[in-house]
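We're numbering straight along the sequence, starting at 1.
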Amino acid sequence: MDKLKKYIYELVADRKLSAKEATAYITSLQKASEAKSDDIAIIGIAGRFPKANTVQQFWENIRFGRECLDDFPVHRKEDGQALFSDRSFAYKRFKKAGYLDEISFFDPDMFRISPKEALSMEPYQRIMLELAYETMLNAGYETREISGSKTGVFIGKDHVTGIEYRHYVSPDIFSLTGSWPGILASRISYVYNLKGPSIVFDTSCSSGLVGVHFACESLRRNECEMAFVGGISGLFYFPPVKEDGSLDQVESAEEKIRAFDKEATGTVWGEGGGGLLLKPLSRALADNDVIYAVIKGSGINNNGLSKGITAPNGEAQEALLKSVWKQAQINPETIRYIEAHGTGTVLGDSIELQSIINAFQAFTSKKQFCGVGSVKTNIGHLVGASGIVSLIKAVMMLRHGEIPPSLHFQSPSPYMDLTNSAVFVNDALTKWEQQDQPVRIGINSFGFSGTNCHVLLEEPPKAVRQASRGQDSYLLVLSARSEQKLQELAKQYQQFLLANRDVHLGDLCFTASASRHHYAHRATIVFDSYEDLLVKVNELKTANRVSAWTANPAIRYQRHEVVPDNKQTVEAWEIRERAKKSLDRQANEAIKEWIGKTSDQRLIWEQVAPLYIQGATIDWGMLYCGGRKLALPGNILERQKFWPAGAQPKKAEADFLYQVAWKEEALPATDSEQQTACDTVLLIVDAADTAIWRPLFLQKHQARRLVTVELGARSAQVAPDYFQVSRTLDDIAAFCAQLDLASLAQIVFMPPARAALPESLAAFRSAMDQTAGSLLLFAKALATTGKLANEIDVVLLTQNAQAVQPGDAACDPFHHMLGGLGKSLRQENYGLSVRHIDISPDGFAPEPLFAELGRKGTDYSVALRQNRRYIEIIERAKQTGAQEDSFAIEAGDVFLITGGLGQLGTEVCKYLSQKNKVKGDRARQDDAAGPGDVAGRAAGVARHKLGG
């Protein structure tokens, strides 16, 4: 642009151009430059269509002119009969349509959804979740980098067809959330922890494309960094009957869509959906994303007052196209194709084509340069999803350089003159002609509601790929959640390689490593070239079992599963949590060392491969200095059938019932020769207990240095290794900041013992501050130092937190709470290896305790009772029939139920009322009494039930 400005200035200096004209030209150039920054990139796509479960299958169908309208699938008819047992399907004639092959299968584990909730969710919610996952996977954003990001979710859905499902499942909270229209988008935001806008649009037929428009506007306003846009149609849970006559005015009597043809009689319905991932073009280029197409502009308007509330308005459609073209600042003659709304109704199609013709005539007199067509002739009218599907068709046209045929077109409607217009109906497979300008495509989506939307696409900028810089060896990693799915993934990679023989091998391996989750079943392939990789992938495909893959030394496979530290018997493929953390640390330290020592890439890959298949979390950033994301195969969903009326067999209840138990084990050795003295031990103790525990630790603990922190009301240094610290974050953080964390080997946190439960709200709050409150303050202060380079052994030393033996006294709930809190802390702070030791004052002996403190074991919870050692285990619960209440419920008892007025609280109330005449007090955090009073009342109930 600078050269153009210089040329304009020269023309002004030579008096060949006036200053006013020069100003207008420069202003126009600046606006064009600014508009370019508004371009939006499409970086991921996915879809489900009639007779096509992937976008590639969909493209092959429409490219070859296949009509995908058919009878209702037989197995779905059986499901419908089971669901709607009160309806008779006999002797009925059913409509042809663009039906999905199946709608009842789902992978709930992938989305952290229970089987019960999955069954209660409307199938369209389940499909939309899977489409979101597949879209992000296609874009290379399966990894955790998307979690917590400012990504928006914009979903188009019509809410007329397929709203009966919730009436045939249990009426519970899951059926409510599983059918609530507004949760459709929010569920995706919830599953992926996305913080951008989350909205559902229903403008009838234009819903999906309207979502695209608002997503683009949200990106331009910086409301979100990326945007997932989806469209989903209504679903037919039983076959629509031909003779119902409800939509004869718009439905095709011959069950074909003849868009723009004079013999057109109406539309045919379809099912399906699609997803897109959008990002500002400048960001997509900088992030080396896959770019399928560029959105140059979009717009919406409404028909306003027309000949009927559902009648199309040609003037409104024409005005919309003109405004979008002007906004995009393009020459309309560069638009090579418009994917029309094209539903097959004579009136609607004629008005739409005439509006397109009129819009072009306002800019050019050029004839027959822009093709038009409608994907509805292939798959039917998908209503709320139709705009998204039309856009996906346009994206694939840009990607492959071809225009698929619009079906069933023989003679144009007599209501329009195509010959003397800018447009022609593209009824045959056509290749793009090479021109100087980029290829541009418009997409129309006009709603039954009167809301119209138009989007303008442009082919993506040519990707500039760097050479491999002489790389002669590569590592491809594959993973899946089961052996079967790993074999399927290998087959998909073989198909991908055969279809993409010029694939950039460095980008291939970068995407498979750095842009994918890594699951329990893992395989690696070290290879030297495309041909070498194809041969090895073929070996994977032809092997009957994955165990046979390792016959080739360049191919490795192993399964791993992370299990709790307290699991007693560990299988060959299992790895405890602490060992997993150690493996991660050792693997990445080793990789860093190898990179510094050698430039032999193959040698590095051969060292990385065994660590990866063992389960190590690799820092791929050390091994790849960037790369371009590719649309590769990825994790394959483990889908099961979820359908009411007993379609899915239930597991026995016993499989879901487990309980905590305590298993006695031998005490650790107390021989001082078997214990290794550690560097520094930090003892955190309450002021009331310092005089008891500090001398004992100085005498018994095998530590080179003991630092004591006495928690109380003030802060002061009493002696070189003896500090008083007040229970405030500022004072605790100041103390932690001066600690030498590099030499700190162990932290022992001891909450104060108590003789009885608190009697007042003030005492209750004090107990919370002395236990969970103080622990959380220390955890936060240590994390904010930024110095947790080495793993520190953190021991929570409690008293009577666990009821281990039948004769044990009642648990201290404040100490008991620390055991659960510690499990969360060890998951969130990798620098803190938290464990829990519980002692009892009855028969306490210091030797077993200090032996346990010096023991480097894998058990999280250990209880010491009268010179005996117990570890916490999880075992399957033993069911012996109906269980009697462990305590009596007497008439007049008062129970406080906290946590809200949800279904669980209601069920507890029902249960208690059936047992005897009791009084219930239901408290919520937003009660007028406030959370403090709720806590006080809870303390009162605890005293009543625990004998305090």
Side-chain angles (χ1 to χ4, degrees), residues 154 156 158 201-217 231 249-250 259-260 264 266-267 295-330 332 335 337-364 370 372-376 381-391 394 412-413 415-418 421-423 425 440-457:
F154 303 82
D158 62 282
F201 300 90
D202 186 351
T203 58
S204 63
C205 316
S206 57
S207 302
L209 210 62
V210 166
V212 173
H213 169 73
F214 279 102
C216 291
E217 292 300 302
Q249 291 181 331
V250 296
F260 322 118
T267 200
I295 298 176
K296 296 293 292 182
S298 64
I300 58 172
N301 70 5
N302 194 274
N303 291 335
L305 180 62
S306 58
K307 294 182 178 180
I309 192 169
T310 62
N313 185 328
E315 293 179 358
Q317 296 175 10
E318 177 186 341
L320 175 62
L321 269 62
K322 290 178 182 177
S323 68
V324 172
W325 299 347
K326 288 178 181 177
Q327 169 208 335
Q329 297 186 356
I330 56 99
I335 300 173
Y337 179 86
I338 289 181
E339 176 64 17
H341 189 58
T343 59
T345 59
V346 176
L347 179 62
D349 288 359
S350 300
I351 291 175
E352 180 182 11
L353 270 189
Q354 194 59 54
S355 71
I356 296 172
I357 292 169
N358 293 346
F360 275 120
Q361 285 177 347
F363 296 93
T364 179
C370 179
V372 294
S374 173
V375 73
K376 294 178 181 65
H381 188 359
L382 273 61
V383 195
S386 60
I388 287 283
V389 173
S390 294
L391 194 149
S413 168
Y415 300 105
M416 49 199 169
D417 182 10
L418 294 181
S421 74
V423 302
V425 176
R440 295 187 176 115
I441 299 176
I443 300 99
N444 279 347
S445 192
F446 301 147
F448 185 70
S449 63
T451 297
N452 309 308
C453 187
H454 182 74
V455 171
L456 182 65
L457 289 188

Check: Glu339 side chain, Val375 main-chain N or O, donor-acceptor pair, under 3.5 Å: yes
Specify the closest pair of heavy atoms between Asn303 and Ala311, including all atoms of both residues, with the distance to one decimal. ND2-O, 3.4 Å
Can you check whether Thr451's main-chain N or O pairs, donor with acceptor, with Ser206's side chain at less than 3.5 Å? yes
Is any side-chain heavy atom of Asp158 less than 4.5 Å from a side-chain heavy atom of Phe448? no
Test item: Val425 and Pro412 side chains (from C-beta on) under 4.5 Å apart, heavy atoms: no
Under 3.5 Å side-chain donor-acceptor pair for Gln317 and Asn444: no
What pair of heavy atoms forms the shortest contact from Phe260 to Ala340, and how long is it? CZ-CB, 3.6 Å
Within a strict 4.5 Å, meaning less than it, do heavy atoms of the Asn302 and Asn313 side chains meet? no
Those residues that, when tested against His213, pass side-chain hydrogen bond (donor to acceptor under 3.5 Å, both in side chains) (two or more places apart): Ser298
Heavy-atom pair of closest approach, residues Ser204 and Ser207: O-OG, 2.6 Å
Taking Ser449 for its side chain and Thr203 for its backbone only, find out whether a donor-acceptor pair lies under 3.5 Å. yes
Taking the side chain as every heavy atom from C-beta outward, state whether Pro312 and Ser306 have any pair of such atoms under 4.5 Å apart. no
Look only at the side chain of Asp349 and the backbone of Gly344, and say whether a donor-acceptor pair between them is shorter than 3.5 Å. yes
Measure from the side-chain N and O atoms of Ser421 to the backbone N and O of Val423, and report whether any donor-acceptor pair falls under 3.5 Å. yes
Quick check for you: to the nearest 0.5 Å, what is the distance between Asp417 atom CG and Leu353 atom CG? 11.5 Å
Give, for atom CD1 of Ile300 and atom OG of Ser445, the distance between the pair rounded to the nearest 0.5 Å. 11.5 Å
Rounding to 0.5 Å, atoms NZ (Lys376) and SG (Cys205) come to a distance of 7.5 Å
Not counting sequence neighbours, which residues clear side-chain hydrogen bond (donor to acceptor under 3.5 Å, both in side chains) with Thr364? List them please. Glu333
CG on Leu209 to OG on Ser386, rounded to 0.5 Å: 8.5 Å
Checking Ile441 against Ile338 for the side chain to side chain contact (heavy atoms under 4.5 Å, CB included) test, could you report, in this order, the C-alpha distance in whole Å, the side-chain angles of both residues, the deciding distance, and whether it holds? CA-CA 6 Å; Ile441 299 176; Ile338 289 181; over 6 Å; no
Got a donor-acceptor contact below 3.5 angstrom from the Ser390 side chain to the Ile443 backbone? no
Angle class for the Phe201/Phe154 ring planes (parallel below 30°, perpendicular above 60°, tilted otherwise)? parallel
Pair His341-His381, ring pair (Phe, Tyr, Trp, His ring centres under 6.0 Å): steps then yes or no: CA-CA 9 Å; His341 189 58; His381 188 359; 5.5 Å; yes
Do you know the tightest heavy-atom contact between Ser374 and Gly342? OG-O, 2.8 Å
With a 4.5 Å heavy-atom cut-off, do Thr343 and Phe446 have their side chains touching? no
Side chain Tyr415, main chain Val346, donor-acceptor under 3.5 Å: no
I need the Lys322 NZ to Asn358 CG distance, nearest 0.5 Å. 7.5 Å
Heavy-atom pair with the smallest gap, counting every atom of Ala316 and Asn452: CB-ND2, 4.0 Å
Check the pair Lys326, Phe363 against side chain to side chain contact (heavy atoms under 4.5 Å, CB included), reporting the backbone distance first and the verdict last. CA-CA 10 Å; Lys326 288 178 181 177; Phe363 296 93; 4.0 Å; yes
Would Ile330 and Ile335 count as a side chain to side chain contact (heavy atoms under 4.5 Å, CB included) here? Give the steps. CA-CA 9 Å; Ile330 56 99; Ile335 300 173; 3.9 Å; yes
Sub-4.5 Å side-chain heavy-atom contact between Glu352 and Met416: no
